[in-house]
Amino acid sequence: MKIVCDGLDLADAVMKVSKAISNKNVNPILEGIKLSTDEDYLYLTATDLELTIENKIKSEIKIEGDVVIPGKFFGEYIKKLNNEQIELTSDDSNNLSIRYADSFGKIQCYNASEYPTTKKLDFDNSFEITQKDLKDLIQKSVYAVSTDDTRPILKGVKIEVNNSLVTAIALDGFRLALNSKPVRNVSNSCNIIVPAKSLKEISNLLNDSDDYVKLNIQRNYLMVEVENTKISTRLLDGEFINYKQIIPSAFATNVIINKQQLENSIDKAMLFSRVDKNNLVKFEINDKIMIVSSHSEIGENKDNISISLNGKELTIAFNARYFSEALRVIDDEYIKLSFNSSISPCVITGNENTNFVNLILPVRIS
């Protein structure tokens, strides 16, 4: 293989695909990035067998070929080169020579024939969504996935596609996040569970534009292509929790509150509560005021926030981190907090925007 490409393009491509490099050291070649050529493009591919990321850059192809280069080392090396033309040449001994300006480097590589072949996928279903909506869909749900290996199905986000709407649902046993967005050109209704890691990498590729991207779904795979980068991920297999049974349909207490004021109060409360490592924040909901408080051996803090209350007064406590993470992804100026009792979950929605729902279980207090 012998090619000439732009150094900045190469560094950017390496950075994107390296997110799929395996960290488990099961097979050394999975720590590599495959470089291959086709017509006027250099293709870079990395995979951990669950997630595959491929990027292509325009190049001058002098000799066709492929090679697998140690991924993390190559990434660090390329970042230190000047942003100019780079010539890559591989030989029969799997050495890759790198020439730039008047300088030269050589890296020992793996044999490309030992690299896993990319599975050819025939997609059954597809739909289209704007980049900004897909990014929002992911960011407002993926934070609530479980990190517990004993329930691997909850380490993914359930994606439901029906008619002109896609809904993402994530939960970990203590909280739930749901977000819905409009879609177009839906081929068939479907339900899939996508690993959180894969969705985070898809989100990293997206911008806040109204440009549409197409999501292609096969029985066990999801593939998304954004400009010159293609992400394919294996889907999780199993029964997801029936989340619709978890979300209450009626409430005894409804509170309208300024989101930013509540977020600031909880952030202050966390400074105190984390000293005792209980991360507890208490809400005392009265007629026109909600008192947000926390205490620990270092002291206590109380904030009074003006609210609009419809229903019963209530005192309830939560893990402050769960509330903080939910509020961080909400854009609305005012939000609605809905309760039934001090031992029932709180449901957070927008005051007018009901496309997202956050549910958080309370902590029992004496």
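Source: prediction; values computed, not measured.
- You'll find the side chain of E284 stays beyond 4.5 Å of the side chain of M290, heavy atoms only.
- Between Y77 and I98 there is a side-chain heavy-atom pair separated by less than 4.5 Å.
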Ignoring hydrogens and angles, write down the donor-acceptor pairs under 3.5 Å from the side chains of residues 240-252, residues two or more places apart or on other chains.
residue, atom, partner, partner atom, Å
N242, OD1, K244, N, 3.4
Y243, OH, E160, OE1, 2.9
Y243, OH, E160, OE2, 3.4

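- The ring-ring contact (aromatic ring centres under 6.0 Å, His included) search around F283 returns F318, F323, not counting sequence neighbours.
- When side chains are defined from C-beta on, F104 counts as touching K106, because their heavy atoms get closer than 4.5 Å.
- A donor-acceptor contact under 3.5 angstrom links the side chains of S113 and N111, judged on distance only.
- Put simply, the side chain of D211 does not reach to within 4.5 Å of the side chain of T130, judged on heavy atoms.
- Within the 3.5 Å criterion, the main-chain N or O of V14 finds a donor-acceptor partner in the side chain of S18.
- With salt bridges taken as basic N to acidic carboxylate O contacts below 4.0 Å, one links R184 and E128.
- When only modelled atom types and interatomic distance are considered, T47 and T52 share a side-chain donor-acceptor pair under 3.5 Å.
- Minimum heavy-atom separation, K135 to L206: NZ-O, 3.3 Å.
- In plain terms, the two heavy atoms of V329 and Q139 that are nearest each other are CG1-O, 3.5 Å.
- In this structure, T253 contributes its side chain and K312 its backbone to a donor-acceptor pair below 3.5 Å.
- In this structure, the separation between CD on E31 and CD1 on I69 is 13.5 Å, given to the nearest 0.5 Å.
- Put simply, CD1 on I57 and CG on D12 are 9.0 Å apart, with the number rounded to the nearest 0.5 Å.
- The structure places NZ of K19 at 6.0 Å from CE of M15, a figure rounded to the nearest 0.5 Å.
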Donor-acceptor contacts under 3.5 Å from residues 215-230 side chains, at least two apart:
residue, atom, partner, partner atom, Å
Y221, OH, R234, NH1, 3.4
Y221, OH, R234, NH2, 3.2
T229, OG1, N55, ND2, 2.5

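- Transitive grouping of hydrophobic side chains (ILVMFWY, heavy atoms separated by less than 4.5 Å) keeps I169 and L199 in distinct clusters.
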- So T315 and I365, side-chain contact (heavy atoms from CB on, under 4.5 Å) or not? Walk me through it. CA-CA 9 Å; T315 297; I365 53 176; 4.3 Å; yes
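- In terms of heavy atoms, C346 sits closest to L337 at SG-CB, 4.2 Å.
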- Message: Before you tell me yes or no, could you show the steps for S93 and N95 under side chain to side chain donor-acceptor pair (under 3.5 Å), namely the whole-Å CA-CA distance, both residues' side-chain angles and the distance that decides it to 0.1 Å?
- Response: CA-CA 6 Å; S93 299; N95 293 304; 4.5 Å; no
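- Pairing each heavy atom of A170 with each of A144, the nearest pair is O-CB, 3.9 Å.
- Hydrophobic clustering (ILVMFWY, side-chain heavy atoms < 4.5 Å, transitive): V157 and L236 are in distinct clusters.
- Residues G350 and F356 approach most closely at N-CZ, 3.2 Å, considering heavy atoms.
- By the 4.5 Å heavy-atom criterion applied to side chains, E313 and I285 are not counted as neighbours.
- One finds the CZ atom of R321 at 10.5 Å from the CD1 atom of I360 (value rounded to the nearest 0.5 Å).
- The hydrophobic cluster containing L137 also contains V145, counting ILVMFWY residues as joined when their side-chain heavy atoms lie under 4.5 angstrom apart, directly or transitively.
- Within 6.0 Å of the CG atom in D237, the count of heavy atoms belonging to other residues, nucleotides or ligands does not exceed 12.
- Within the 4.5 Å cutoff, the side chain of Y43 has heavy atoms near those of the E54 side chain.
- Checking side-chain atoms of N286 against main-chain N and O of K288 turns up no donor-acceptor pair under 3.5 Å.
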- Task: Given side-chain contact (heavy atoms from CB on, under 4.5 Å), test N279 with M270 step by step and report yes or no.
- Result: CA-CA 6 Å; N279 227 20; M270 290 174 67; 4.3 Å; yes
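- Side chains of S103 and R99: a donor-acceptor N/O pair is absent below 3.5 angstrom, by distance only.
- A heavy-atom distance below 4.5 Å is not found between the side chains of L96 and T89.
- Remark: D9 does not engage K56 in a salt bridge, criterion side-chain N to carboxylate O under 4.0 Å.
- Both M1 and Y100 are part of a single hydrophobic cluster, where members link through side-chain heavy atoms under 4.5 Å apart.
- Judged by distance alone, with hydrogens and angles left aside, the side-chain atoms of T37 form a donor-acceptor pair with the main-chain N or O of G65 at under 3.5 Å.
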Could you pull out all donor-acceptor pairs under 3.5 Å where a side-chain atom in residues 174-182 meets a protein atom, sequence neighbours excluded?
residue, atom, partner, partner atom, Å
R175, NE, D172, OD2, 3.1
R175, NH1, E325, OE1, 2.5
R175, NH2, Y143, O, 3.3
R175, NH2, E325, OE1, 3.2
N179, ND2, D136, O, 3.1
N179, ND2, D136, OD2, 3.2
S180, OG, T167, OG1, 2.9
K181, NZ, D136, OD2, 3.0

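- Formation of a donor-acceptor pair under 3.5 Å by the D48 side chain with backbone atoms of L51 is found in this model.
- When atom types are taken as modelled, the side chain of D332 and the backbone of I335 share no donor-acceptor pair closer than 3.5 angstrom.
- When all heavy atoms of L88 and L35 are compared, the pair lying nearest together is CD1-CD1, 4.3 Å.
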Validation: residues 257-267 side-chain donor-acceptor distances under 3.5 Å, sequence neighbours left out:
residue, atom, partner, partner atom, Å
N258, OD1, Q260, N, 3.0
N258, OD1, Q261, N, 2.9
K259, NZ, E263, OE1, 3.0
K259, NZ, L327, O, 3.3
K259, NZ, I330, O, 3.1
Q260, NE2, N264, OD1, 3.0
N264, ND2, Q260, O, 3.3
S265, OG, Q261, O, 3.1
S265, OG, D303, OD2, 2.8

- Message: Evaluate K282 against I316 for side-chain contact (heavy atoms from CB on, under 4.5 Å), listing each step before the verdict.
- Response: CA-CA 6 Å; K282 185 166 72 172; I316 192 169; over 6 Å; no
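- Judged by distance alone, the side chain of T233 and the main-chain N or O of S198 form no donor-acceptor pair under 3.5 Å.
- More than 12 heavy atoms of other shown residues, nucleotides or ligands fall within 6.0 angstrom of atom NZ in K158.
- Linking Ile, Leu, Val, Met, Phe, Trp and Tyr residues whenever their side-chain heavy atoms come within less than 4.5 Å places I107 and I86 in a single cluster.
- The structure places CG of D91 at 6.0 Å from OG of S97, a figure rounded to the nearest 0.5 Å.
- Legend: side chain to side chain donor-acceptor pair (under 3.5 Å) pairs involving residues 334-348, not counting sequence neighbours, sorted by first then second residue: N254-S338, S341-S344.
- A cation-pi arrangement is absent between K214 and F127 under the rule of less than 6.0 angstrom and at most 45 degrees off the ring axis.
- Looking only at side-chain heavy atoms (C-beta outward), I33 and V68 stay at 4.5 Å or farther from each other.
- The distance from the CG atom of N27 to the CG atom of L49 is 8.0 Å, given to the nearest 0.5 Å.
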